[in-house]
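Keep in mind the model is a prediction, meaning the values are calculated, not measured.
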Amino acid sequence: MPQTSICVYCGARSGKKTTFSQQAEALGQAIATEGWRLVYGAGDVGLMGTVARATQSAGGDTFGVIPTHLMDMEVGKRDLSTFIITETMHERKKVMLMNADAVVMLPGGAGSLDEFFEALTWRQLGLHNKPIVLLDVDGYWGPLKGLLTHIVDNGFADASLLDFVQIGGSVDEVMALLRRALS
């Protein structure tokens with residue numbers, strides 16, 4: 001049976017709160033402890049680097065995907081179990097999602113939101129049935145949850161859209177949601 005893989009979307013920056021990095025580290029350790037593989041954007045900066053280093057230090061496998069044009073900016077982390085360089089961002093997102101069994105999103109910016117909305121849209125369109133979980137560190141994703149509700153309330157998506165996204169307030173909650181969804 002192939003190894004369960006968790007795609008983590010997160011910032012190439014660490015953000016202003018130390019809890020963001022603490023939760024990224026805890027998530028990386030939990031993924032490794034569970035025996036799962038981390039799939040992520042292959043950067044060695046920000047929360048991306050934190051989650052990857054934590055996974056590695058806990059003995060976990062890492063699968064990183066980075067487009068050529070971000071090798072310098074995101075400091076491509078070449079010591080991963082698997083390191084893939086793509087030509088475009090679109091290829092990066094596709095390779096990451098197709099090599100994962102579930103998605104978890106830590107705090108991040110526009111790039112993380114782009115990845116999230118593509119995964120959510122593909123789920124809405126029936127292109128995959130993978131769990132999508134937000135790690136809501138200190139309420140970071142509250143506005144996103146509100147936006148999704150606003151979209152549904154205004155008739156731009158069916159209420160089922162809200163069922164495609166689960167929210168956990170801690171790494172323990174996220175891991176419990178993933179175990180349940182992947183069993």
Let me confirm one number: the [atom1]-[atom2] distance from [X] to [Y], rounded to the nearest 0.5 Å.
{"X": "Trp141", "Y": "Asp136", "atom1": "CH2", "atom2": "CG", "value": "9.0 Å"}
{"X": "Phe117", "Y": "Leu120", "atom1": "CZ", "atom2": "CG", "value": "6.5 Å"}
{"X": "Leu47", "Y": "Arg13", "atom1": "CG", "atom2": "CZ", "value": "11.5 Å"}
{"X": "Leu27", "Y": "Met105", "atom1": "CG", "atom2": "CE", "value": "13.0 Å"}
{"X": "Cys10", "Y": "Met48", "atom1": "SG", "atom2": "CE", "value": "6.5 Å"}
{"X": "Cys7", "Y": "Ile132", "atom1": "SG", "atom2": "CD1", "value": "10.0 Å"}

Is the backbone N or O of [Y] less than 3.5 Å from a side-chain atom of [X], with the two atoms forming a donor-acceptor pair by type?
{"X": "Glu25", "Y": "Ser21", "result": "no"}
{"X": "Glu91", "Y": "Glu87", "result": "yes"}
{"X": "Thr86", "Y": "Val65", "result": "no"}
{"X": "His128", "Y": "Ala119", "result": "yes"}
{"X": "Thr62", "Y": "Ser81", "result": "yes"}

- Query: What pairs meet the salt bridge (charged side-chain N to carboxylate O under 4.0 Å, His left out) rule with one or both residues in residues 56-74, with sequence neighbours excluded?
  - Reply: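 Residue pairs with at least one partner in residues 56-74: Glu74-Arg92.
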- Task: If a pair satisfies salt bridge (charged side-chain N to carboxylate O under 4.0 Å, His left out) and one of its residues is in residues 111-124, list it, with sequence neighbours excluded.
- Result: Lys93-Asp114, Lys93-Glu118
Once side-chain hydrogen bond (donor to acceptor under 3.5 Å, both in side chains) is applied, do any residues pair with [X], and if so which ones, sequence neighbours excluded?
{"X": "Lys77", "answer": "Gln56, Asp79"}
{"X": "Ser5", "answer": "Arg37"}
{"X": "Gln124", "answer": "none"}
{"X": "Gln22", "answer": "none"}

Taking the side chain as C-beta and beyond, is there a heavy-atom pair between [X] and [Y] under 4.5 Å?
{"X": "Val95", "Y": "Ile84", "value": "yes"}
{"X": "Leu113", "Y": "Leu144", "value": "yes"}
{"X": "Lys17", "Y": "Val137", "value": "no"}

- Go through the steps for Val51 and Leu38 under the test side-chain contact (heavy atoms from CB on, under 4.5 Å), then give the verdict. CA-CA 9 Å; Val51 73; Leu38 169 69; 4.2 Å; yes
- Met98, CE atom: more than 12 neighbouring heavy atoms under 6.0 Å: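 Yes.
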- Task: Start with the C-alpha gap between Met89 and Leu70, add the side-chain angles, then the distance that decides, and say whether side-chain contact (heavy atoms from CB on, under 4.5 Å) holds.
- Result: CA-CA 9 Å; Met89 290 292 286; Leu70 290 179; 3.6 Å; yes
- Message: Suppose we screen for ring-ring contact (aromatic ring centres under 6.0 Å, His included). Which residues come up paired with Tyr9, at least two apart in sequence or across chains?
- Response: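 Scan of Tyr9 (ring-ring contact (aromatic ring centres under 6.0 Å, His included), adjacent residues dropped) gives none.
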- Item | Heavy-atom pair of closest approach, residues Pro107 and Leu135 |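 Taking every non-hydrogen atom into account, CD-O, 4.1 Å.
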- Looking at Lys130 and Ala102, what are the two nearest heavy atoms and their distance? CB-CA, 4.3 Å
- Asp44/Arg53 under salt bridge (charged side-chain N to carboxylate O under 4.0 Å, His left out): CA gap, chis, key distance, verdict: CA-CA 8 Å; Asp44 200 14; Arg53 287 188 300 275; 2.6 Å; yes
- So which pairs with a foot in residues 17-46 pass ring pair (Phe, Tyr, Trp, His ring centres under 6.0 Å), sequence neighbours left out?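 The answer is Phe20-Tyr140.
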- Query: How would you list all residue pairs meeting ring pair (Phe, Tyr, Trp, His ring centres under 6.0 Å) that involve residues 58-94, not counting sequence neighbours?
  - Reply: none
- side-chain hydrogen bond (donor to acceptor under 3.5 Å, both in side chains): pairs with one or both residues in residues 95-105, sequence neighbours excluded: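 Of all non-adjacent pairs touching residues 95-105, none passes side-chain hydrogen bond (donor to acceptor under 3.5 Å, both in side chains).
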Distance-only donor-acceptor pairs under 3.5 Å for side chains of residues 152-168, two or more places apart:
unit_1	atom_1	unit_2	atom_2	d
Asn154	ND2	His150	O	2.9
Asn154	ND2	His150	ND1	3.2
Asp158	OD2	Ser160	N	3.0
Asp158	OD2	Ser160	OG	3.0

Sequence neighbours left out, cut at 3.5 Å: what donor-acceptor pairs do the side chains of residues 176-183 make with other protein atoms?
unit_1	atom_1	unit_2	atom_2	d
Arg179	NE	Glu34	OE1	3.1
Arg179	NE	Glu34	OE2	3.2
Arg179	NH2	Glu34	OE1	3.2
Ser183	OG	Arg179	O	3.4
Ser183	OG	Arg180	O	3.0

